[in-house]
Amino acid sequence: MSVFLILLIVVLVVIFVVKDIRLNVISRPAFKMFKKVLPPLSQTEREAMEAGDVWWDGELFSGDPDWQKLHHFPKPELSDKENAFIDNQVETLLAMLDDYQIVQKDKDLPKQVWDYLKVEGFFALIIPEKFGGREFSAIANSTIVSKIATKSLTAAVTVMVPNSLGPGELLLHYGTPEQQERWLPTLATGEDVPCFALTGPEAGSDAGGIPDSGIVCKGEHNGEQVLGLRLNWSKRYITLAPVATVLGLAFKMYDPDGLLGDKKELGITCALIPTDHPGVETGERHYPLNMAFMNGTTYGEDVFIPLDWIIGGQQGAGRGWRMLVECLSAGRGISLPALSTATGHLAAKMTSAYAMVRQQFGVSIGQFEGVQEALARIGGLTYALESCRLMTAGAIDLKLSPSVVTAIAKYHMTEMGRTVMNDAMDIHAGKGIQVGPNNYLAHGYMGIPVSITVEGANILTRNLMIFGQGATRCHPFVLKEMEAAAMDDDDAALEQFDGLLMSHIKFAACNASMALVHGLTRSYFANAPVSGQTAVYYKQLGRMSRGLAICTDVAMLMLGGELKRKEMISARLGDVLSHLYLASTVLKRYEDEGRQQADLPFVKYAIETSLYEIGQAFDGFFKNFSNPVVNFVLKRIVFPLGNHYHKPSDETAQVICEHMTQPGVFRNRLTHLCYVDEKGGTGVMEQAFLAMHDMQSQFKDLKQWQRNGKVPATLDIEGAIKHALEHDLLAQSDADAMQHANKLRKQAIAVDNFQPGEL
């Protein structure tokens, strides 16, 4: 037997070491199989794969993340001028906003708000100072939008769109100097209001399938015959279109007469068109779930524009899809995460206050464990939302365009925002559903599906984009192997493929063996860059990174091009990658903020939630993978002792609730983006919370006196306080403070009423 093993080892060594033998026995057959199973890529898919940057997502796909690299990413911080803008212009704007009036009555921002946004450069956050813009960082852009969104979603969307995917972003990256000089100064001052039209009736998430066309031809412009485009388009869901003065337009460009060269189909192209140009139709509005931000349609039939209106000039013809994919990172990585984080900050601050001031059965509802479970979820997810917002915007400030990471942020943060808002509504119950000037949740609740839908519908973002791009883009070898397989010279391709294949086999073998070792030892011997209570999380996430790497390799090998269509399978692996990223952002924030002891319950909750979701995703993958033998082996490699990841404990949830319902530094840090309007519902709730907390021990004594008969149990709070004062159980100062707190409490739990006919 030993002789046989020795001979087998010798044969394997010879096969792998002797290049000619290896090429014929391993690499050439593998190369043929690889080309056969290689998923077909359309031109738009190929451009999407090549666009953007691989960042921390590449480390997570490696099976062995370099945690020191994570720690060394710069901490996102606001500059002095950005802080000053937030403390002054943003605060002034927030005080101007009456969201009930905006949404329920006017269906628009007041003129003075529009004017203030333009004059103070809210539409020019990303435009360089030399063009009259603010030239703020991505983290400042995100922070500003988040803070505004806690007061008015309509105002936040109005501000975020010009600073997201649109003419400004595209001009900065791809515009000619002449185009930048023409448009950026007027965009900066608000003289021009931009919109960008991509989505149409037949092309939503499949933006590459847009039917809108531009035909190269000659036509008249400014009294001269020039070479240009005859455009036909029909677009919908375009934010700011009803009030825009400049339209960014995506269309497919064709040159049937060969006026520009031999190529007849040039591909997706983007152009800038003044909305007062003959034939451009704008002004019609949609009404997205009762929200008042401007959103509508634009049409055009046989509209002629000169070629130099193409973004980037004639050189930009056919480059539109790459432009869009690279610039979508702003929307997915800044704007929508900012809105979701605002939901968390608002829900955490107001729901923690409401849980204390609202009483049922004689006690604050925050003492009921069912409420505590939901409140803890709000707190834990809010900590995770802020962590992901900071790290993702930080990546963009590193001048990166991490398309996979921003897709993760867009999908998971909007879904977490939905969960947080649902929990907040459940706890507020009747107060949450009565729309009125004092309801601080209703409009955010209505707007959640808008975030879920835009910048790529969430279902397709999860099922197609995150793993579809991540598996190929972030994998150390797959994209290079695909490029080798696409080479025209078969001998050169095989030579290149051979080296990649050997590295890939070594990579897979290492990940499989280490995943098994870590699984058997519960990652006890795995490396962690820190000591203390978070060390175990680095070890477990590293182990799951190994599991993701080996399962991805096997899935791609077994399913090949079919994996592209096995969306339920690929989406689960995408969920693993996503929660590895989300947990990484939590660890990064915890380190960046000095390992605050008070943060530990929230860190624990967020990471244990991600590990649980990773475990669930792997379980779904194993249960549904088509080959039962391979499935059995993979499951034993990744979870040899079983899947023991669980949801955060009740004890952790209760500690979180204690932190959230105590006024002070930590609660303020957790909810620092939430604007508290002293004259509005948020201000009343916060004042009641603080007043009730200040008199907490006195109210506790009052309740005890009612139990032991010193104060009649039949009396309401107001009567009980009066009785206790009359019988010298309370000092006058305490009685006054308790009556004041109770008055605020009653105001806080009240809902808006309307007279007959008023609505």
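Only this structure's heavy atoms are used, side chains among them; waters, hydrogens and symmetry mates stay out.
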If I compare all heavy atoms of [X] with all of [Y], which pair ends up nearest, and what's the gap?
X	Y	result
Q180	G175	NE2-O, 3.6 Å
G200	R236	O-NE, 3.9 Å
I396	A138	CG2-CB, 3.8 Å
T154	A292	OG1-N, 3.3 Å
P162	P194	CB-CG, 3.9 Å
I126	L172	O-CD1, 3.3 Å

Which distance, rounded to the nearest 0.5 Å, do you find between the [atom1] of [X] and the [atom2] of [Y]?
X	Y	atom1	atom2	result
L339	S451	CG	OG	4.5 Å
E181	L171	CD	CG	11.5 Å
Y445	N422	OH	CG	5.5 Å

Given side chains that start at C-beta, do those of [X] and [Y] come closer than 4.5 Å, heavy atoms only?
X	Y	answer
V246	T275	no
C217	L229	no
M391	P76	no
F467	V404	no
M291	V157	no
L153	H443	no
Y299	K235	no
L240	F196	no

Please check this pair: side chain of [X] against backbone of [Y], looking for a donor-acceptor N/O pair closer than 3.5 Å.
X	Y	answer
Q179	G312	yes
E281	S234	no
D57	W55	yes
K252	G214	no
D255	V216	no
T552	L548	yes
N141	S137	no
D53	S401	yes
S146	A338	yes
R572	M568	yes

Show me the donor-acceptor pairs within less than 3.5 Å that the side chains of residues 263-274 make with the rest of the protein, sequence neighbours left out.
unit_1 : atom_1 : unit_2 : atom_2 : d
K264   : NZ     : P256   : O      : 3.2
T269   : OG1    : G267   : O      : 3.2
T269   : OG1    : G318   : N      : 2.8

Trace of the side chain to side chain contact (heavy atoms under 4.5 Å, CB included) decision for V280 with W233: CA-CA 10 Å; V280 177; W233 74 89; 4.0 Å; yes
Compute whether any side-chain donor of one residue and acceptor of the other, for [X] and [Y], lie under 3.5 angstrom apart.
X	Y	answer
D212	N232	no
T245	D192	yes
R389	T143	yes

Identified side chain to side chain contact (heavy atoms under 4.5 Å, CB included) partner of N163 from the options I144, L125, V145, I334: L125
Pair T239-N295, side-chain hydrogen bond (donor to acceptor under 3.5 Å, both in side chains): steps then yes or no: CA-CA 4 Å; T239 301; N295 186 268; 2.9 Å; yes
Chi angles and distances behind the side chain to side chain contact (heavy atoms under 4.5 Å, CB included) call for C195, V161: CA-CA 8 Å; C195 71; V161 168; 5.8 Å; no
Residue among T461, T392, N458 satisfying side chain to side chain donor-acceptor pair (under 3.5 Å) with K410: N458
Ring centers of H221, F304 separated by less than 6.0 Å: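 Ring centres of F304 and H221 not closer than 6.0 Å.
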Ring geometry between H579 and H412 (parallel below 30°, tilted from 30 to 60°, perpendicular above 60°): perpendicular
Ionic contact status for R134 with E120, cut-off 4.0 Å: yes
CA sep, side-chain torsions, deciding dist, call: D99, K151, salt bridge (Lys or Arg N to Asp or Glu O under 4.0 Å): CA-CA 7 Å; D99 201 47; K151 179 69 182 290; over 6 Å; no
Side chain to side chain contact (heavy atoms under 4.5 Å, CB included) between L577 and L573, worked out: CA-CA 6 Å; L577 174 63; L573 293 177; over 6 Å; no
